[in-house]
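Have a look at the structure below, then the notes.
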Amino acid sequence: MDQYPMLAFEDFLPSMAQQFGEEAFMLELRNGFHLLMDRLTGLITFESLKTNSSLLGVDGLGDEEVLSMLKEGDLDGDGALNQMEFYILMFRLSPGLMEGSRRWLEESPLKEASEILMHNTS
């Protein structure tokens with residue numbers, strides 16, 4: 001698969017998690033989701049990702065890259081990412097973050113996300 005600009009963002013996730021701590025890091029992920037989502041649907045859609053990716057410094061994504069990112073995280077097959085799918089995608093794209101976060105994911109309110117994540121990586 002071709003590399004796309006999102007990889008630069010991924011590389012910072014483990015250090016962000018360590019620096020912020022669990023609650024603040026999850027708040028940052030939530031804020032990232034809200035920046036990228038379509039305000040009418042509450043989901044990250046093709047259009048919202050293409051339009052709002054510049055807010056995260058990853059502007060200029062081609063249609064194929066945007067579709068690839070959506071397809072990577074779309075667990076329910078609806079063509080968009082809900083908040084839980086976005087969280088799971090961020091963890092899956094950052095192996096360093098995933099390794100360091102297994103313990104606190106098990107203890108957090110995102111236990112359901114953790115179980116889905118562990119199932120998809122085994």
Side-chain angles (χ1 to χ4, degrees):
M1 176 164 56
D2 294 335
Q3 289 186 343
Y4 43 84
M6 188 70 164
L7 293 178
F9 176 73
E10 291 169 34
D11 294 341
F12 294 108
L13 288 179
S15 61
M16 284 175 60
Q18 186 175 18
Q19 179 181 352
F20 292 147
E22 174 187 341
E23 288 182 38
F25 177 68
M26 293 309 295
L27 180 61
E28 286 301 309
L29 279 180
R30 184 183 67 110
N31 289 341
F33 175 80
H34 285 278
L35 278 174
L36 296 172
M37 76 176 195
D38 176 284
R39 302 289 179 250
L40 296 175
T41 65
L43 301 170
I44 296 175
T45 63
F46 174 83
E47 293 80 17
S48 71
L49 183 55
K50 183 109 172 138
T51 302
N52 299 328
S53 61
S54 64
L55 297 173
L56 297 178
V58 288
D59 44 352
L61 294 176
D63 290 356
E64 188 174 310
E65 293 163 321
V66 172
L67 286 172
S68 176
M69 292 168 70
L70 286 173
K71 195 179 291 186
E72 178 83 20
D74 184 13
L75 299 176
D76 62 11
D78 67 354
L81 301 180
N82 62 38
Q83 194 165 347
M84 190 63 67
E85 289 171 325
F86 176 75
Y87 291 162
I88 293 168
L89 177 63
M90 291 295 100
F91 280 86
R92 285 179 55 211
L93 291 177
S94 182
L97 177 63
M98 195 167 75
E99 287 303 317
S101 64
R102 288 182 194 270
R103 177 192 53 77
W104 60 261
L105 259 180
E106 285 295 322
E107 298 167 4
S108 80
L110 294 175
K111 185 163 176 48
E112 179 184 349
S114 174
E115 291 168 356
I116 293 169
L117 178 66
M118 298 309 160
H119 174 73
N120 288 337
T121 60
S122 43

So, does [X] use its side chain to make a donor-acceptor pair with the main chain of [Y] at under 3.5 Å?
X	Y	answer
N52	S48	yes
N31	L35	no
R92	G73	no
R39	H34	yes

What pair of heavy atoms forms the shortest contact from [X] to [Y], and how long is it?
X	Y	value
F33	L81	CE1-O, 3.5 Å
L89	M69	CD2-O, 3.9 Å
L29	F86	O-CE2, 3.3 Å

side-chain contact (heavy atoms from CB on, under 4.5 Å) partner of L43, the single match among D38, D78, D74, L70: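 Checked D38, D78, D74, L70 against L43; only one passes side-chain contact (heavy atoms from CB on, under 4.5 Å): D78.
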Within-4.5 Å side-chain heavy-atom neighbours: Q83 and M37: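 A side-chain contact is absent here, since even the closest heavy-atom pair is not under 4.5 Å.
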Close side-chain approach of I44 to L49, heavy-atom, < 4.5 Å: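 Yes - at least one pair of side-chain heavy atoms lies under 4.5 Å apart.
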CE on M26 to CE on M90, rounded to 0.5 Å: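 Going from the CE atom of M90 to the CE atom of M26 covers 11.5 Å.
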